[in-house]
Amino acid sequence: MPEATQDDYPTWLGMVFVFNLIIGTGALTLPAAFARAGWLGGSVMVLLVGFISYVTVTFVIEAMASANAILHLRSVLKRRTARAGASDSDSDAAESSPLVSEEGTPFSLASRVEMGEMATIYFTGTGVAVFYLCLAIYLYGDLSIYAAAIGTSLKDVICAAGNVTDPHAPCWPDHSFTRIECYRACVVATGLLLGPFVFFNVQKTKYIQILTVIFRWCAFTSMIVMAVSRLIQDGVQGHPGPVIPTGIPSLFGTCIYSFMCHHSLPSLLAPVREKRHLTWTLPLDFILIAIFYILLALTGVFAFDKLDDLYTLNFLENPGEGFTRVIDYFLALFPVFTLSASLPIVAITLRNNLQAILVAGRRNSVTCRALLPLLALLPAFAVTLLTDSLSSLVGFTGTYAGAGVQYITPVALVYCARRQISALMPSSPNPHRSPFQGNKWLLLVVIWCALGVVLVTVNFFTSVAHPP
């Protein structure tokens, strides 16, 4: 049976947690992506990706409720078989018959059924392996992005202002230590300081979530307010075009990464008390997030003539005086504070997924406990050492692995869930079913995903063949 939640919270707090989960590193790379794609093209892309992301969120919720029902059915049949000593044929007949639950509707979100467990319920062995592989690739990319964001932020705080665009420029005047060497040193230091936590288990609590929400709200609100202040004082500094077609593909991957929440959704929704309110609170949450993204990006592209891949670093290039200077440095170090707490958790999640793929059944092996954390950390940090391009990491992770987790997996889960439910419980309505019924919605998501991946891939090979 799935794990029942021991702690619960009101619906509004659950939506705050979803907001906090989505608003992360991806939001900090949106302004630069907007500048390359155009302010109008960027706004339209955020709205489109946000809508498709919400559609697939409803697919995950429906699949989770169906998984609860199927597990409930198995539990009821097991109890009946144990009580009555039924034969195998009787048990098979009972399993193929419609379920009339003794406790009301079997469809529920009360028990947490993670996407990995849903995959084992709905998919065959090959499908489960593909799911875990896709999730592992996404987590590797996530880990590389976190390490790169921390290293880039520390490098720009440590190094003196100067030629920030040339990675081989000196970190300080009259020194041979370059900015790229400082970046790599910061990445290595991050791995040495945070890596040991991956050998243990770390659990997030509700109160840490609340503190993180407050911290992020302060940082993002400060960025918007300070960008608006610069617009009022200095006027419009950036002049992006309305639509720049060559920048749309890279923005696609960034937007997918910015709306990612699907892999953690069951853990956040299971403890929500009044789940019937999710039908209107979740879309409201996504609307607020889309508005927030557009507001953050638009104020940034017009307030600055050039934008860093990590938006927080723009406030460090020309720091103000007094309290404004403190805020500028706070924003520059904001990714370090938040991502340092999240990086071990992402690495532990990756370690657990690698364990499920590679060494299922030998979880307590000393060799596994020693090697799996290294297998999770070393490839991700090796990629981070090879490149400091945060936009490339976000675009690749969001487009390929992110599209698999956010689009293809929810479509496959809900499709298989509907087939199994129609066979096992044809007369039992699912109160948490997605409002986007019909195979046309599944096909629309797949076509959207394929179109985006093709555009990004073509753009990548074009840029390699004809570099700017």
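Owing to the predicted nature of the structure, the values given are computational and were not obtained by experimental measurement. Just the heavy atoms: all of them, side chains too, but no hydrogens, waters or symmetry mates, feed the values below. Residue numbers start at 1 and run along the sequence shown.
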Keeping E274 on the side-chain end and T11 on the backbone end, is there a donor-acceptor pair under 3.5 Å? no
Say whether, by atom type as modelled, one donor and one acceptor occur between the side chain of N68 and the main chain of F107 under 3.5 angstrom. no
CG of L339 to OG1 of T190: how many Å apart, nearest 0.5 Å? 10.0 Å
Between CG on residue L265 and CD1 on residue I22, distance to nearest 0.5 Å: 8.0 Å
For W39, give me all partners under side-chain hydrogen bond (donor to acceptor under 3.5 Å, both in side chains), at least two apart in sequence or on another chain. none
Check whether any side-chain N or O of S258 sits under 3.5 Å from a backbone N or O of G26 as a donor-acceptor pair, and report yes or no. yes
Applying salt bridge (charged side-chain N to carboxylate O under 4.0 Å, His left out), run through E117 and R112 and close with a yes or a no. CA-CA 10 Å; E117 188 175 359; R112 186 179 67 213; over 6 Å; no
Keeping Y122 on the side-chain end and A67 on the backbone end, is there a donor-acceptor pair under 3.5 Å? yes
Mind checking the CG-CG spacing from L194 to L143? Nearest 0.5 Å is all I need. 10.0 Å
For the rings on F123 and F131, is their centre-to-centre separation under 6.0 Å? no
Do the side chain of N430 and the main chain of H432 share a donor and acceptor less than 3.5 angstrom apart? yes
For the side chain of Y54 and the backbone of L282, is there at least one donor-acceptor N/O pair under 3.5 Å apart? no
How many angstroms lie between atom CZ of F197 and atom OG of S340, to the nearest 0.5 angstrom? 10.0 Å
State whether the side chain of S75 and the backbone N or O of L71 hold a donor-acceptor pair below 3.5 Å, judged by distance alone. no
Could you check whether W12 and F19 have their ring centres less than 6.0 Å apart? no
Run the ring-centre check on F59 versus Y407 and record whether the distance is less than 6.0 Å. no
Can you confirm whether more than 12 heavy atoms, excluding those of Y415, are under 6.0 Å from its OH atom? no
Do any N or O atoms from the side chain of T397 and from the backbone of V394 form a donor-acceptor pair under 3.5 angstrom? no
Quick check for you: to the nearest 0.5 Å, what is the distance between W448 atom CH2 and I256 atom CD1? 8.0 Å
Tell me whether the centres of the aromatic rings in F334 and F220 are closer together than 6.0 Å. yes
Is the side chain of H262 donor-acceptor paired with the backbone N or O of S53 at a distance under 3.5 Å, no angle test? yes
With a 3.5 Å distance limit and no angle check, can you tell me whether S144 reaches the backbone of A380 through a side-chain donor-acceptor pair? yes
Any chance you could measure S264, atom OG, to E114, atom CD, to the nearest 0.5 Å? 7.5 Å
